[in-house]
Asker: 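First the structure, then my questions, so here it is.
Residue numbers start at 1 and run along the sequence shown. Just so it is clear, the values below take in all heavy atoms, side chains as well, and ignore hydrogens, waters and symmetry mates.
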Amino acid sequence: MAKELLFSNREIIEKIWEEYGLDERSIKEAVEMLKNWIQLQPHLPKEEGSLHEARLERWLIRCKNSMERTKQSIDMYYTLKSLSPEIMSDWNTQSKWFKTISKLAYYTPMPQMAPEYDRVVCFGVLSNDPTDFVIEDWYRMSLMTFEIRMCEDYSLRDIFVIDLAHYTLGHVTKFSFPSMKKAETCIVKAFSTRLKAIHIINVHPFAEVIVELVKSVMSSKIAARIQVHGTDLTELHKQVPKESLPTEMGGCGGAINDNWNLWLKKLETYQDWFLQHENVKSDEKKRLAGNAISSDLFGFEGSFRKLDVD
């Protein structure tokens with residue numbers, strides 16, 4: 001098991017810079033430009049410090065060195081913190097909700113990077129009992145991990161591996177289109193995650209509705225990258241190196257529980273920062289171009305009803 005949760009050395013970092021025509025000097029210049037731009041936006045919060053600069057740098061990388069796209073993503077991030085408090089607030093590792101969901105589900109970026117500088121991220125549930133499983137809390141916990149990656153990770157794309165082995169019909173009924181769409185918007189637009197592939201494994205017949213729901217919230221471009229493997233992981237291993245997969249998925253990257261426990265400790269080290277950052281969000285009343293509308297952002301309107309399963 002690698003000691004580093006997010007392995008990336010200087011060589012990898014420079015290779016990623018080269019991908020977008022960047023170097024240390026141009027990145028510093030771009031970060032200063034972004035800081036200056038934020039200062040001119042009355043609705044955006046004014047942050048300082050090394051973590052803020054680290055996040056701006058990774059935003060730039062994730063947006064492929066496009067200054068305009070980076071600005072849009074930053075704006076979206078702070079706006080979603082205002083408009084989606086059910087998944088973008090109360091990031092507190094000492095809260096009851098966190099202690100409950102962290103025992104029931106996991107979201108684990110694997111330490112060993114895949115070829116082409118891709119980060120493999122594995123997630124699923126740990127218990128067959130859905131009684132205390134709250135899907136919004138799982139999204140919220142996952143986004144906390146995304147936040148840490150924005151501060152520390154260096155990678156080009158993500159490869160998601162979703163394990164449905166422990167899902168039951170009770171879990172399926174907890175999913176809803178609106179909450180999943182909000183989570184997808186946060187991941188893809190606010191954190192500018194570039195998804196290379198989504199692999200869904202151990203799909204029970206009744207869980208196929210989750211697969212279809214995942215496809216429905218994604219753009220057609222990303223939905224086309226979803227692959228369902230069932231219990232036969234032969235094709236998964238052809239595309240994702242075993243070094244980047246946990247033991248339970250036929251890999252040699254350590255057990256899921258071991259990886260997840262390390263991430264829980266990492267999340268705890270960010271506790272003070274999460275609390276300080278709680279109210280760092282957009283002030284929509286000060287937005288020059290008009291207030292952002294929730295339905296415009298997420299592409300839906302109306303009541304947030306739970307998914308009906310026959």
Asker: With side-chain hydrogen bond (donor to acceptor under 3.5 Å, both in side chains) as the criterion, how do Glu47 and Tyr78 come out once you've worked through the C-alpha distance, each side chain's angles and the decisive distance to 0.1 Å?
Answerer: CA-CA 11 Å; Glu47 296 195 70; Tyr78 289 116; 2.3 Å; yes
Asker: Which value, rounded to the nearest 0.5 Å, describes the distance between Ile148 atom CD1 and Leu267 atom CG?
Answerer: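 It comes to 4.0 Å.
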Asker: Nearest 0.5 Å please: distance from the CG atom of Leu143 over to the OH atom of Tyr77.
Answerer: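 Atom-to-atom, Leu143:CG and Tyr77:OH are 9.5 Å apart.
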Asker: Just do the salt bridge (Lys or Arg N to Asp or Glu O under 4.0 Å) check on Lys15 and Glu11 with the steps written out, would you?
Answerer: CA-CA 6 Å; Lys15 289 287 186 182; Glu11 180 181 358; 5.5 Å; no
Asker: Would you say Leu126 ends up clustered with Leu169 if hydrophobic residues are merged whenever their side chains have heavy atoms under 4.5 Å apart, either directly or through other cluster members?
Answerer: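 They do share one cluster, since a chain of ILVMFWY contacts under 4.5 Å joins Leu169 to Leu126.
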Asker: I need the Ser102 OG to Met144 CE distance, nearest 0.5 Å.
Answerer: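 Atom-to-atom, Ser102:OG and Met144:CE are 9.5 Å apart.
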Asker: Hey, are Ser282 and Glu284 close enough side-chain-wise for a donor-acceptor pair under 3.5 Å?
Answerer: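 Checked: Glu284/Ser282 side chains pair up, N/O donor to acceptor below 3.5 Å.
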Asker: What's the verdict on salt bridge (Lys or Arg N to Asp or Glu O under 4.0 Å) for Arg140 and Asp90, showing C-alpha distance, side-chain angles and the deciding distance?
Answerer: CA-CA 9 Å; Arg140 179 160 40 175; Asp90 192 20; 3.8 Å; yes
Asker: Tell me, do Thr193 and Arg62 make a side-chain contact under 4.5 Å, heavy atoms counted?
Answerer: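 The answer is yes; the side chains approach within 4.5 Å.
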Asker: What's the separation between atom CG in Leu51 and atom CD in Gln276, rounded to the nearest 0.5 Å?
Answerer: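 Interatomic distance, Leu51 CG to Gln276 CD, rounded to 0.5 Å: 10.0 Å.
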Asker: Under the side chain to side chain contact (heavy atoms under 4.5 Å, CB included) rule, what do Arg149 and Arg58 come out as? Steps first, then yes or no, please.
Answerer: CA-CA 9 Å; Arg149 291 185 59 203; Arg58 284 158 180 80; over 6 Å; no
Asker: Given side chains that start at C-beta, do those of Met249 and Cys122 come closer than 4.5 Å, heavy atoms only?
Answerer: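 They are in contact (side-chain heavy atoms under 4.5 Å apart), so the answer is yes.
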Asker: Compare all side-chain heavy atoms of Leu80 with those of Lys182 and state whether any distance is below 4.5 angstrom.
Answerer: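 Side chain of Leu80 against side chain of Lys182, heavy atoms only: no contact under 4.5 Å found.
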Asker: Could you measure the distance from the CG atom of Asp129 to the OG1 atom of Thr168? Nearest 0.5 Å is fine.
Answerer: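 The CG atom of Asp129 sits 8.0 Å away from the OG1 atom of Thr168.
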Asker: Write down the atom of Glu278, the atom of Ser89, and the distance for their closest heavy-atom approach.
Answerer: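 So the two residues come closest at OE2-CB, 3.3 Å.
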Asker: Does Ile74 share a hydrophobic cluster with Val280, counting links as ILVMFWY side-chain heavy atoms below 4.5 Å and allowing steps through other members?
Answerer: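 Same hydrophobic cluster.
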Asker: Please find out if less than 6.0 Å separates the ring center of Phe123 from that of Phe160.
Answerer: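 Aromatic pair counts; centres sit under 6.0 Å.
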Asker: Before giving the answer on salt bridge (Lys or Arg N to Asp or Glu O under 4.0 Å), spell out for Lys28 and Glu57 the whole-Å C-alpha distance, their side-chain angles and the decisive distance to 0.1 Å.
Answerer: CA-CA 8 Å; Lys28 287 182 178 179; Glu57 179 177 336; over 6 Å; no
Asker: Side chain of Lys266, backbone of Leu5: donor and acceptor closer than 3.5 Å?
Answerer: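 Side chain of Lys266 to backbone of Leu5: no pair is present.
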Asker: Report the C-alpha separation of Thr93 and Glu268 in whole Å, then their side-chain angles, then the decisive distance to 0.1 Å, and conclude whether the side-chain hydrogen bond (donor to acceptor under 3.5 Å, both in side chains) test is met.
Answerer: CA-CA 6 Å; Thr93 62; Glu268 289 174 359; 5.5 Å; no
Asker: Taking all heavy atoms of Trp263 and all of Pro109, pick out the closest pair and write down the distance.
Answerer: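 Looks like NE1-O, 3.1 Å.
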Asker: Given side chains that start at C-beta, do those of Gln227 and His229 come closer than 4.5 Å, heavy atoms only?
Answerer: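 With C-beta onward as the side chain, the pair touches.
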Asker: Taking Trp59 for its side chain and Ala190 for its backbone only, find out whether a donor-acceptor pair lies under 3.5 Å.
Answerer: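 Checked: pair present.
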Asker: Indicate yes or no for a side-chain donor-acceptor contact from Arg119 to the backbone of Ile159 under 3.5 Å, with no hydrogens or angles considered.
Answerer: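 No; judged by distance alone, with no hydrogens or angles, the pair does not exist.
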Asker: Would you check if Met180 and Tyr139 make a side-chain contact, meaning some heavy-atom pair closer than 4.5 Å?
Answerer: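 Yes, at least one pair of side-chain atoms sits under 4.5 Å.
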Asker: Just one of His52, Glu48, Glu53 clears the side-chain hydrogen bond (donor to acceptor under 3.5 Å, both in side chains) bar with Lys35, so which one?
Answerer: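 Checked His52, Glu48, Glu53 against Lys35; only one passes side-chain hydrogen bond (donor to acceptor under 3.5 Å, both in side chains): Glu53.
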Asker: Could you walk me through whether Thr100 and Asp137 pass the side chain to side chain contact (heavy atoms under 4.5 Å, CB included) test, one step at a time?
Answerer: CA-CA 9 Å; Thr100 299; Asp137 289 345; over 6 Å; no
Asker: Can a donor-acceptor pair be found between the side chains of Gln41 and Asp75 at a distance below 3.5 Å?
Answerer: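 Side-chain D/A pair, Gln41 to Asp75: absent.
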Asker: Assess, by modelled atom type and distance only, whether the side chains of Trp17 and Tyr154 contain a donor and an acceptor separated by less than 3.5 Å.
Answerer: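 Side chains of Trp17 and Tyr154: pair found under 3.5 Å.
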Asker: Can you confirm if the aromatic rings of His204 and Tyr167 lie within a centre distance of less than 6.0 Å?
Answerer: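 Not close enough - the centres of the two rings lie 6.0 Å or further apart.
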Asker: Is the Tyr107-Phe146 ring centre distance short of 6.0 angstrom?
Answerer: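 Yes, ring centres under 6.0 Å apart.
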Asker: Determine whether a donor-acceptor pair (N or O, by modelled atom type, separation under 3.5 Å) exists between the side chain of Thr173 and the backbone of Gly170.
Answerer: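 Here the side-chain-to-backbone pair exists.
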Asker: Would you call Glu208 and Val203 a side-chain contact if the rule is heavy atoms closer than 4.5 Å?
Answerer: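 Sidechains of Val203 and Glu208: in contact.
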Asker: Would you indicate whether the side-chain heavy atoms of Pro45 and Lys281 approach each other to under 4.5 Å?
Answerer: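 Sidechains of Pro45 and Lys281: no contact.
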Asker: So, Lys215 and Glu184, do they make that salt bridge, N to O below 4.0 Å?
Answerer: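 Salt bridge absent between Lys215 and Glu184.
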Asker: Are Ile12 and Met113 packed together at the side-chain level, in the sense that at least one heavy-atom pair is separated by less than 4.5 angstrom?
Answerer: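 Heavy-atom side-chain distance check passes, below 4.5 Å.
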Asker: With the 4.5 Å side-chain cut-off for hydrophobic clustering, are Trp37 and Met67 part of the same group?
Answerer: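 In one cluster with Trp37: Met67, yes.
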Asker: Is there a side chain to side chain contact (heavy atoms under 4.5 Å, CB included) between Met141 and Trp97 once you walk through the steps?
Answerer: CA-CA 9 Å; Met141 180 178 68; Trp97 75 262; 4.1 Å; yes
Asker: How far apart are the C-alpha atoms of Ser176 and Ser179, what are their side-chain angles, what is the distance that settles it, and do they pass the side-chain hydrogen bond (donor to acceptor under 3.5 Å, both in side chains) test?
Answerer: CA-CA 6 Å; Ser176 70; Ser179 63; 2.8 Å; yes
Asker: When you look at Glu235 and Lys238, which way does the salt bridge (Lys or Arg N to Asp or Glu O under 4.0 Å) test go after all the steps?
Answerer: CA-CA 5 Å; Glu235 287 300 317; Lys238 288 180 181 178; 3.0 Å; yes
Asker: Please report the C-alpha distance between Glu152 and Tyr270 in whole Å, then the side-chain angles of each, then the deciding distance to 0.1 Å, and finally whether the side-chain hydrogen bond (donor to acceptor under 3.5 Å, both in side chains) criterion is met.
Answerer: CA-CA 12 Å; Glu152 299 187 15; Tyr270 272 76; 2.6 Å; yes
Asker: Hey, are Asn128 and His166 close enough side-chain-wise for a donor-acceptor pair under 3.5 Å?
Answerer: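 There is such a pair between these side chains.
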Asker: Please check if Ile13 and Val31 belong to a single hydrophobic cluster, counting links between Ile, Leu, Val, Met, Phe, Trp and Tyr side chain heavy atoms closer than 4.5 Å.
Answerer: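 Yes; tracing contacts between hydrophobic side chains, which count when under 4.5 Å, links both residues.
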Asker: If the threshold is 4.0 Å, N to carboxylate O, is there a salt bridge linking Lys196 and Asp158?
Answerer: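 Answer for the salt bridge query: no.
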Asker: Parallel, tilted or perpendicular: which describes the rings of Trp91 and Phe274, with under 30° parallel and over 60° perpendicular?
Answerer: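 Perpendicular: the ring planes of Trp91 and Phe274 meet at over 60°.
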Asker: Between Arg55 (side chain) and Glu147 (backbone), is there a donor-acceptor pair under 3.5 Å?
Answerer: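 Here the side-chain-to-backbone pair does not exist.
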Asker: Take Ile61 and Ile16 through the side chain to side chain contact (heavy atoms under 4.5 Å, CB included) test and state the conclusion after the steps.
Answerer: CA-CA 8 Å; Ile61 295 292; Ile16 292 173; 3.8 Å; yes
Asker: Given the rule that I, L, V, M, F, W and Y join up when any side-chain heavy atoms are under 4.5 Å apart, are Phe177 and Val134 in one cluster?
Answerer: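 Result: no, two separate clusters.
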Asker: How about Lys96: does its NZ atom have over 12 heavy atoms from other parts shown lying under 6.0 Å from it?
Answerer: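 No, NZ of Lys96 has 12 or fewer neighbouring heavy atoms, counting only those of other groups under 6.0 Å.
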Asker: State whether the side chain of Lys174 and the backbone N or O of Pro130 hold a donor-acceptor pair below 3.5 Å, judged by distance alone.
Answerer: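 Here the side-chain-to-backbone pair exists.
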Asker: Are side-chain N/O atoms of Ser192 and Arg69 paired as donor and acceptor at under 3.5 Å?
Answerer: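 Result is no, nothing qualifies.
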